[in-house]
Amino acid sequence: MPNRLGHPLEKPLFDQLTLIGVGLIGSSLARVARRQNFAKTIVAIDSSEDARKKIAALHLADRVTGDYAEGVKNADCVILCVPVGACGSVAEKIASSLKAGAILSDVGSVKGAIVSQIEPHLPKQVHFVPAHPVAGTEQSGPEAGFATLFNNRWCILTPPEGTNKDAVAKLRLFWEGAGSNVEEMSPSHHDLVLAITSHLPHLIAYNIVGTAADLEAVTESEVIKFSAGGFRDFTRIAASDPTMWRDVFLNNKDAVLEMLGRFTEDLSALQRAIRWSDGEMLFDHFTRTRAIRRSIIEIGQDSATPDFGRQTKDDPVQ
Ligand code: NAP
């Protein structure tokens with residue numbers, strides 16, 4: 001896979017970029033912003049003192065603070081990298097300190113709920129461009145990030161109708177410079193697509209690992225011992241951050257429940273095929289799903305290596 005990261009910019013996109021919540025995604029953005037010369041000054045805000053110490057020790061920002069007003073007041077671009085459920089209260093805290101003409105964005109995995117949480121607090125002269133980088137790992141915190149996380153991944157922008165075109169174009173440049181392919185869609189369409197491609201798979205992983213953990217009491221350590229057969233990949237997804245995923249399900253309820261309903265119907269059809277020994281149905285179904293996996297590899301969104309080719313800090317997909 002080619003590395004899409006280009007040369008660092010000669011002229012930074014922003015005088016000051018402020019990142020709020022510098023965990024996996026925020027620290028990856030700080031790293032890529034530094035590397036690509038996206039901003040003259042990078043400011044990091046985090047509510048956790050422990051995270052602030054780590055951000056400073058890793059030299060991820062020029063300034064690290066817990067003071068929201070001070071951290072955003074001179075920023076040309078502010079990106080919220082906090083859990084989805086915290087976006088509304090953070091927007092409320094910073095609203096009156098944002099400077100006129102600033103771009104406000106976020107990286108939340110849900111878009112409709114974030115737009116409705118943030119918009120009521122938004123000053124008129126601030127340009128709000130919501131974004132979701134479809135890239136991540138099951139790790140959290142400032143040490144977990146890496147500059148190639150967004151390379152060759154999608155970033156979905158969901159600007160409300162009438163958003164300033166220059167602001168959208170600038171954020172597009174930012175994400176393309178981070179290595180991403182950028183697409184625009186409405187928040188509700190984003191939430192429906194992500195419900196099936198990301199949210200439901202996580203729910204299934206959390207459920208299957210939970211069921212196996214309950215069984216483990218009966219089978220002792222066999223679940224862990226024989227975990228190579230498919231289950232191991234689920235355990236990795238089910239190790240994803242509990243706060244982040246609680247917030248995703250609470251904030252994308254309708255789309256997830258809609259997809260869960262369809263999933264349950266299809267599962268019942270497979271259950272019936274097994275019960276009635278309908279090998280033809282099972283074979284046709286598995287052939288169709290195998291083709292989907294192949295097409296994902298062909299468009300470069302994953303590798304054919306074992307482990308789902310999921311990027312890690314030590315072995316980023318280039
Ligand atoms: P993370 O590693 O847990 O980082 C979140 C950071 O935000 C933590 O340092 C956290 O501090 C801090 N924080 C929480 N509430 C805050 C507040 N009110 N003000 C300031 N800082 C606050 O999480 P992440 O994986 O980077 O996820 C961040 C966002 O990215 C979420 O909205 C998520 O939906 C989105 N996203 C995640 C992925 C992924 O795969 N992880 C992919 C795409 C998008 P504490 O640790 O003290 O709470």
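Numbering of ligands and ligand atoms starts at 1, following listing order.
Contacts of D50 with ligand 1, taken as heavy-atom pairs under 4.0 Å, are absent altogether. Heavy atoms of Q139 found under 4.0 angstrom from ligand 1: none, in either backbone or side chain. Contacts with ligand 1 closer than 4.0 Å are made by no heavy atom of S240, backbone or side chain. At a 4.0 Å heavy-atom cut-off, ligand 1 touches Y68 through the side chain alone. Contacts with ligand 1 closer than 4.0 Å are made by backbone heavy atoms (N, CA, C, O) of C81 only, the side chain lying farther away.
Among the atoms of G26, none of the N or O lies under 3.5 angstrom from an N or O of ligand 1. Residue V82 has at least one N or O atom closer than 3.5 Å to an N or O atom of ligand 1. Looking at S47 next to ligand 1, an N or O pair under 3.5 Å apart turns up. For ligand 1, the polar-atom distance check finds an N/O of I25 within less than 3.5 Å of one of the ligand's N/O atoms.
No heavy atom of K93 sits closer than 4.0 Å to any atom of ligand 1. Between T137 and ligand 1 there is a heavy-atom distance shorter than 4.0 Å. Residue-ligand proximity: C87 is placed with every non-hydrogen atom at 4.0 Å or more from ligand 1.
When the heavy-atom distances from atom 38 (C) of ligand 1 to M244, H202, E49, H132 are ranked, the shortest goes to M244. Ranked by closest heavy atom to atom 14 (C) of ligand 1, the top entry among G141, P83, G23 is P83. When the heavy atoms of T243, V107, V248 are ranked by distance to atom 30 (O) of ligand 1, first place goes to V107. Atom 36 (N) of ligand 1 has its nearest heavy-atom neighbour, among S140, S198, S109, in S109.
Looking only at distances, no side-chain donor or acceptor of R153 sits under 3.5 Å from a matching main-chain atom of P133. Panel note: side chain Y206, backbone P242; no donor-acceptor pair is recorded below 3.5 Å.
There is no side-chain donor-acceptor pair under 3.5 Å between T41 and D62.
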Verdict with supporting geometry, R293 and T289, side chain to side chain donor-acceptor pair (under 3.5 Å): CA-CA 7 Å; R293 168 79 188 149; T289 56; over 6 Å; no
From CA spacing to verdict: side chain to side chain donor-acceptor pair (under 3.5 Å), E161, T163: CA-CA 6 Å; E161 225 173 288; T163 307; over 6 Å; no
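In this structure, OG on S48 lies 9.5 Å from NZ on K53, to the nearest 0.5 angstrom.
Ring geometry for W245 versus H202: interplanar angle under 30°, hence parallel rather than tilted (30 to 60°).
Near V90, meaning under 4.0 Å from any of its heavy atoms, are these atoms of ligand 1: 17 (C), 18 (N), 19 (N). Heavy-atom proximity to V84, at under 4.0 Å, picks out these atoms of ligand 1: 32 (O), 34 (O).
Separation of the F38 and F174 ring centroids falls under the 6.0 Å cut-off.
Ion pairing between R52 and D46 fails under the 4.0 Å rule for side-chain N and carboxylate O. Ionic pairing of D284 and R288 is not present here: no N-O contact between side-chain nitrogen and carboxylate oxygen is shorter than 4.0 angstrom.
The nearest pair of heavy atoms linking A39 to L17 is CB-CB, 3.7 Å.
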